[in-house]
Amino acid sequence: MSTPRSAVLERLAYTLAAPVLAVAPNLYPDSPVNMVVQLAGAAGIGGWVLAYRSGEQGSGRKILRWSPLVLAAAVDVAAKSTNGWGPWWLDGLLAAGWAAAGSIVLPFSRHARRRHLPALAAPALAPAAQPETVPVAAWQLDDGASIFTRQVRQLWERAGNPGRTIVVKAVPHTGMPHDLSLLLRASEAGRPITGLTDAAVAAAFGTDVSVVRFAEVQQQAGREGGPGWLEVHVTPDAEQRRRTAPTAAEKWQDTIGGDRGAIPGSVFVKKVRDRERKVTHYIAQVPDEAGAPRVNQHALAAALKTKYDEGRLFVTVDGSQVLVSLWDSSPLAQVFPATRELLKPDKDGRWVTGFLGNGQPARNRVYTDRGAAHGLFVAPSGGGKTQLMGLHVAADALFGAVVMLATEAPDEKTAALGKHTARYGVGALYMIRLLRVLVALMEIRGEMPWQDGQVHEWDPTRPGCPYRMLSAYLDEFLSAARNGEYGAEIMDLAELVSVKGRKYGVGLKVAGQSIYVQDGFTQLLCENLRENCIPVVLKVAPKKVSDMFKALGIPPEYIPDPLPRSFSAEEEGRIERVMRGEPEPPTDSNTGGAGWIIEAKQPDVLRTLFMDFKAGIDGYFPDTIATLTDHEIRELEARDLWFDWNEPPRPGEFGPEPDDEDEDTAPRPRRGRKTPAPRRRDTVTTARQALEAIKHLNNA
């Protein structure tokens, strides 16, 4: 091992100072050199006395530290006391012996610097101010230290006491032969530990940097704390076990809860397996100071060994808690049969529409605290819109409401639903007649006294209501609203019912393939329906998802990702099929009835209940069909609005008929309402246009 530079310099100083000690007293007795040497010797004697009287460990090292000065003064006095150079050149021999003592014996610099102590030497602890209740002896390194602690100290001192620290205590980990925890303190009292690195600790124990972890030391009774202390954990065995067989909490921290994980800052709470439903729930907690949990669902799916577009992974955020539900197979690919029990509304008017991705029932309402509920169903062809409408029709009928259904084009399923409604018809003419009845009923019901003799707004919780709730379903609404003869009035009447109908127990349920303003769906109607219903959107094309939810007033941060084209797991063996030249199996398009329900500002993924039309739907409906009261029918007949709405237009029903003489020469006027209707408003883009729309509704 190479000699430290400090030792080499000290030996050189002894060699150069020895001739001075021999020559100066003989040639220059009055030289200031002699005075300086003797004063240094006196200081050394003072150091001896102080070291002896302290009684602390390390006194011997202090005495050795002062010895060169005392011996140099002794050589100088002896040289002055002899005649000439003394007998047998005694002055030169004494000076040479003094130099040899400092050079041959371990240099005194090693006693002055504790990191040069031999490995087996017990280092002294620098004195530090201690609490009065704790004896000073309690802080001494060799006072009651275990064999394991002493062995660790040897390794630590062999490494040069990294970071100028000393080992106070070392504790082995049970069952882990190479794992331990160290309690360190600064070698100098009152100095913080600043220079210690994990690499220095790893080198001291011959392990990897990744298994070293630092922790702060809190002050306890009988022990100091703070920046002058440090706790170090060296856990190579635990890290090896964590890599090969991690616990659920460790796996979560390594793959999900880290700073770059799928849910940064989250801490694993527990894992729950639901064997009956075949789903595994992971519950995690995010510290309150971290704010709302941030979830990267694609990274989360990768960490849980699945794919986001498989539809197996669903995340529910509740304050600072996060629930991650991982299904064995996508719940959106399952079939949930509709039952009369699920469709029957409870005392709050809620009934089960389907099931969310996390397994919770998704519920809709037949009424809200504002009155009769409206409805908004959006889905492309084949998306399950008629199935969803059938669920709503059954729920309204089981509630006891009067149900009327109008569709723009005939359909097998809507025809089957029509058998369980008070009125059913096809075409834009039928739809406009239904809407005219709804507007008239609002006027009629507004004058019908309740049991207490007063007139009230409709409330299902208040007794004495003289009429039933009415739900009107308009299927393929946008197609009817584009009709050249009746479309403008259909849209105007629908807007009016969406504004005022709820107060009179009239709910408007609109179904179509779009809610875009540019497709003919006015912004005013969309907002009125959205505020008074729980919309359901099914199977939207990926490119339309963003625009669709923006039109529904969903904030950008809550707009969901598109649903996958299929929820069935991909068949394995594609490489083998490619090598054999075989075609890929057909994709199972099983997303009908899958979509989103928007009860709050954040859409939730759901799969609607399945109503089996082929097996018959009579069992979903009550035995009797609710109808309007006799008073309502008489009032409608008086207004010439209650008749067979499948009849051709009656004379004067949509304005004055042309004279017979002019019929051949003049163009036939467009049919319209008896009262002139304003032009249809396709868009409302400015405050002035919105104000004009409101004025029109008030006038209507």
Side-chain angles (χ1 to χ4, degrees), residues 210 242-243 246-274 278-333 356-360 362 537 539-550 552 554-570 591 594-607:
S210 61
R242 185 167 183 163
R243 286 192 296 268
T247 63
E250 292 170 345
K251 188 175 181 180
W252 182 278
Q253 178 61 30
D254 293 341
T255 60
I256 299 175
D259 294 339
R260 298 184 179 180
I263 312 178
S266 61
V267 179
F268 179 84
V269 177
K270 65 179 178 179
K271 174 182 177 181
V272 180
R273 173 65 179 175
D274 190 336
K278 297 181 180 180
V279 59
T280 303
H281 298 293
Y282 300 88
I283 302 176
Q285 181 83 29
V286 176
D288 294 336
E289 59 272 15
R294 293 177 289 113
V295 182
N296 185 333
Q297 296 207 25
H298 292 275
L300 182 61
L304 295 177
K305 310 300 182 188
T306 185
K307 296 180 180 178
Y308 175 75
D309 57 4
E310 287 183 352
R312 296 172 49 210
L313 181 67
F314 298 92
V315 179
T316 304
V317 177
D318 183 12
S320 61
Q321 281 194 324
V322 181
L323 172 66
V324 178
S325 302
L326 181 63
W327 296 78
D328 294 354
S329 59
S330 175
L332 301 179
L356 302 178
N358 58 15
Q360 283 184 293
V537 180
K539 198 179 180 180
V540 180
K543 293 184 179 180
K544 293 186 177 182
V545 169
S546 180
D547 293 338
M548 183 75 71
F549 285 100
K550 285 181 181 178
L552 287 172
I554 303 302
E557 61 269 21
Y558 293 118
I559 293 179
D561 293 330
L563 294 177
R565 296 180 60 87
S566 174
F567 295 116
S568 299
E570 296 182 2
T591 57
W596 297 270
I597 186 169
I598 314 170
E599 184 170 5
K601 61 184 178 180
Q602 183 171 359
D604 291 314
V605 179
L606 91 159
R607 183 68 179 260

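We use all heavy atoms of the structure for the numbers below, so side chains are in, but hydrogens, waters and symmetry mates are not.
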| message | Evaluate L304 against T280 for side-chain contact (heavy atoms from CB on, under 4.5 Å), listing each step before the verdict. | response | CA-CA 11 Å; L304 295 177; T280 303; over 6 Å; no
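- Counting heavy atoms from C-beta on, the side chains of Q321 and L323 never come closer than 4.5 Å.
- Of the inter-residue distances, the one linking I597 atom CD1 with L356 atom CG reads 7.0 Å to the nearest 0.5 angstrom.
- Using a 4.5 Å cut-off on side-chain heavy atoms (C-beta onward), V315 and I263 make no contact.
- Residues F314 and G357 come closest through the heavy atom pair CD1-O, 3.2 Å.
- Rounded to the nearest 0.5 Å, atoms OG1 (T255) and NZ (K305) are 8.0 Å apart.
- W596 pairs in a side-chain contact (heavy atoms from CB on, under 4.5 Å) with only one of the listed residues (L552, D604, V540), which is V540.
- Taking CD1 of I598 as the reference point, atom CD1 of I554 lies at 4.5 Å (rounded to 0.5 Å).
- In this structure, K251 NZ and Y282 OH are separated by 6.5 Å, a value rounded to the nearest 0.5 Å.
- With sequence neighbours excluded, the residues satisfying side chain to side chain contact (heavy atoms under 4.5 Å, CB included) with D254 are R242.
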| said: Please evaluate residues K539 and L563 with respect to the criterion side-chain contact (heavy atoms from CB on, under 4.5 Å), reporting the C-alpha separation (whole Å), side-chain torsions for both, the decisive distance (0.1 Å), and the verdict. | reply: CA-CA 7 Å; K539 198 179 180 180; L563 294 177; over 6 Å; no
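- Rounding to the nearest 0.5 Å gives a distance of 12.0 Å between CH2 of W327 and CG of L313.
- Once rounded to the nearest 0.5 Å, the distance linking CD of Q360 with OG1 of T316 reads 6.5 Å.
- Pairing each heavy atom of S266 with each of Q253, the nearest pair is O-OE1, 4.0 Å.
- Under the side chain to side chain donor-acceptor pair (under 3.5 Å) criterion, Q297 pairs with no residue, sequence neighbours left out.
- The only member of P555, P560, P556 that meets side-chain contact (heavy atoms from CB on, under 4.5 Å) when paired with Y558 is P555.
- Ring planes of W252 and F268: tilted class, angle from 30 to 60°.
- Between R312 and S329 the shortest heavy-atom distance is CG-C, 4.1 Å.
- With contacts defined as side-chain heavy-atom distances shorter than 4.5 Å, the pair L300/V295 qualifies.
- In this view, R273 and D328 satisfy the salt bridge (charged side-chain N to carboxylate O under 4.0 Å, His left out) rule, not counting sequence neighbours.
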